[in-house]
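Report on the structure given below.
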Amino acid sequence: MPRFDPRTGDGARQALETMLLIRMFEEALEDLYSRGVLHGTMHLSIGQEAVPTGACGALEDGDLITSTHRGHGHCIAHGADPYRMMAELLARETGYCGGRGGSMHIADVAHGNLGANGIVAGSMTIAVGAARSQVHLETGRVVTCFFGDGATNEGAFHEALNLAGVWNAPVIFVCENNQYGMSTAVADATAGGSIAGRAGAYGMPGHEVDGNDLVAVHDTVATAAKRARSGEGPTLVEALTYRYRGHSKSDRNLYRTDEEIQQWRSERDPIARWTQRVQEEGLLDADGVEAARQSARDRIRDAVRSAHADDMPSVESLKDAAYA
Ligand SMILES: Cc1ncc(C[n+]2csc(CCOP(=O)(O)OP(=O)(O)O)c2C)c(N)n1
């Protein structure tokens, strides 16, 4: 059974709270960064929350995911603890990688998250290998592989889809098409006009879906997961979405207009749309919405406070996690 059904009151609340957690987690990161408390760079997925939330909500506990450089949403939606994520970003011993990896290296193997990956398309072949293992080990698990539109012009994308097709591997490829790979618009870099359309070359179904529509993402991935679990093979899902923030902290947004960003924010925001829809459909009332908001706010505030109070790794432990 999928983790939640967004058409029930409980599922609607879970979906809302997860999207809010992702957004508030990243807003907290921005705040910490601007105050000089958090160092390095990071890639925020604010605006894209319905993709990981809908996709991971359609999976079962025990299923696997692979992630990207923009992976906070994948982590949270697949069950990671925001406190341990925050500790990782604040370079604390209690973080997922003992504070040594930061944003782009968080893995949460206990919940089936095989990890973020700083190499564009780098997790795609890992996902196919993991899916092949599930077949050999007869676990009945499926693997959801998240990647960006920029990854679809890397060799690894084509190798991964080809091998998944040849092996009939239980993978769901979820492309988060947020319209840009750094400053390059999808249309300027992608032949053929459609990422989902590439699925046909590898013998699998391809679906384009509104990535800011929680239910559309959930249902498409649920269908793909069912297909993968029953041995019918992989699916490619192209989820159309948008990132409001720059590519990373050094982006000055010179390749797009403020109007474009504002249009997505005001007309297509996934959280605003879901909040409105659940109330219109009577799944949650205003108090239920506020309770989800308050719960997410409390969890993020506790995560920041607790992580902040933790120790940084000692100098003596510097080499503990070095393998070469
Ligand atoms: C193999 C490789 N090439 C280039 C880079 C530099 N790089 C980091 S993120 C990025 C853009 C990726 O775009 P996309 O896959 O669409 O993901 P998004 O950032 O939009 O989420 C690039 C080119 C990299 N990390 N790895």
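For ligands, and for the atoms within them, numbers begin at 1 and follow the listed sequence. Note that the coordinates shown come from a computational prediction; the quantities given were computed from them, not determined experimentally. Quick note: numbers below take in every heavy atom, side chains included, and nothing from hydrogens, waters or symmetry partners. Here, residue 1 is the first one in the sequence, and each next residue gets the next number.
In summary, the side chains of R273 and Q276 do not present any donor paired with an acceptor at a separation below 3.5 Å, with no hydrogens or angles considered. Judged purely by distance below 3.5 Å, without hydrogens or angles, the side chains of H78 and R3 pair a donor atom with an acceptor atom. Side chains of H72 and S103: a donor-acceptor N/O pair is present below 3.5 angstrom, by distance only. Y96 and H105 are not linked by any side-chain donor-acceptor pair at a separation below 3.5 angstrom, with hydrogens and angles left out of the test. Residues N212 and T241 have side chains that bring a donor and an acceptor to within less than 3.5 angstrom of each other.
Contact annotation: for E176 versus ligand 1, there are no heavy atoms closer than 4.0 Å.
I126 is listed as a side-chain neighbour of N117, based on a closest heavy-atom distance under 4.5 Å. For the pair M124/L161, a side-chain contact is recorded, criterion being any heavy-atom separation below 4.5 Å from C-beta on.
For the atom pair NZ (K249) and OH (Y33), the distance works out to 6.5 Å, reported to the nearest 0.5 Å.
Here is the list of ligand 1 atoms found below 4.0 Å of a heavy atom in N178: 18 (P), 20 (O), 21 (O). Short contacts between ligand 1 and A151, defined as distances under 4.0 Å to a heavy atom of the residue, involve ligand atoms 15 (O). Close contacts of ligand 1 with Y180, meaning ligand atoms under 4.0 Å from a residue heavy atom, involve 16 (O), 20 (O). Ligand-side atoms of ligand 1 in range of G150: 13 (O), 14 (P), 15 (O), 16 (O), range being under 4.0 angstrom from any heavy atom. In summary, the atoms of ligand 1 found under 4.0 Å from a heavy atom of R70, numbered by their order in the structure, are 18 (P), 19 (O), 21 (O). Close approach to H247 involves these atoms of ligand 1, each under 4.0 Å from a residue heavy atom: 9 (S), 10 (C), 11 (C), 19 (O).
Regarding atom 11 (C) of ligand 1, its nearest protein heavy-atom neighbour is M182 CG, 3.5 Å. Here the heavy atom of the protein found nearest to atom 3 (N) of ligand 1 is E154 OE2, 3.9 Å. Distance from atom 13 (O) of ligand 1 to its nearest protein heavy atom, with residue and atom name: G181 CA, 3.4 Å. Scanning the protein for heavy atoms near atom 8 (C) of ligand 1, the closest one is V120 CG2, 3.8 Å. Here the heavy atom of the protein found nearest to atom 25 (N) of ligand 1 is G118 O, 2.9 Å.
Hydrophobic clustering, defined by side-chain heavy atoms of Ile, Leu, Val, Met, Phe, Trp and Tyr closer than 4.5 Å, groups V237 together with V51, L59, I65, V142, F146, I172, V174, V209, V217, V221.
Taking only nitrogen or oxygen atoms, main chain and side chain alike, R243 does not reach within less than 3.5 Å of ligand 1.
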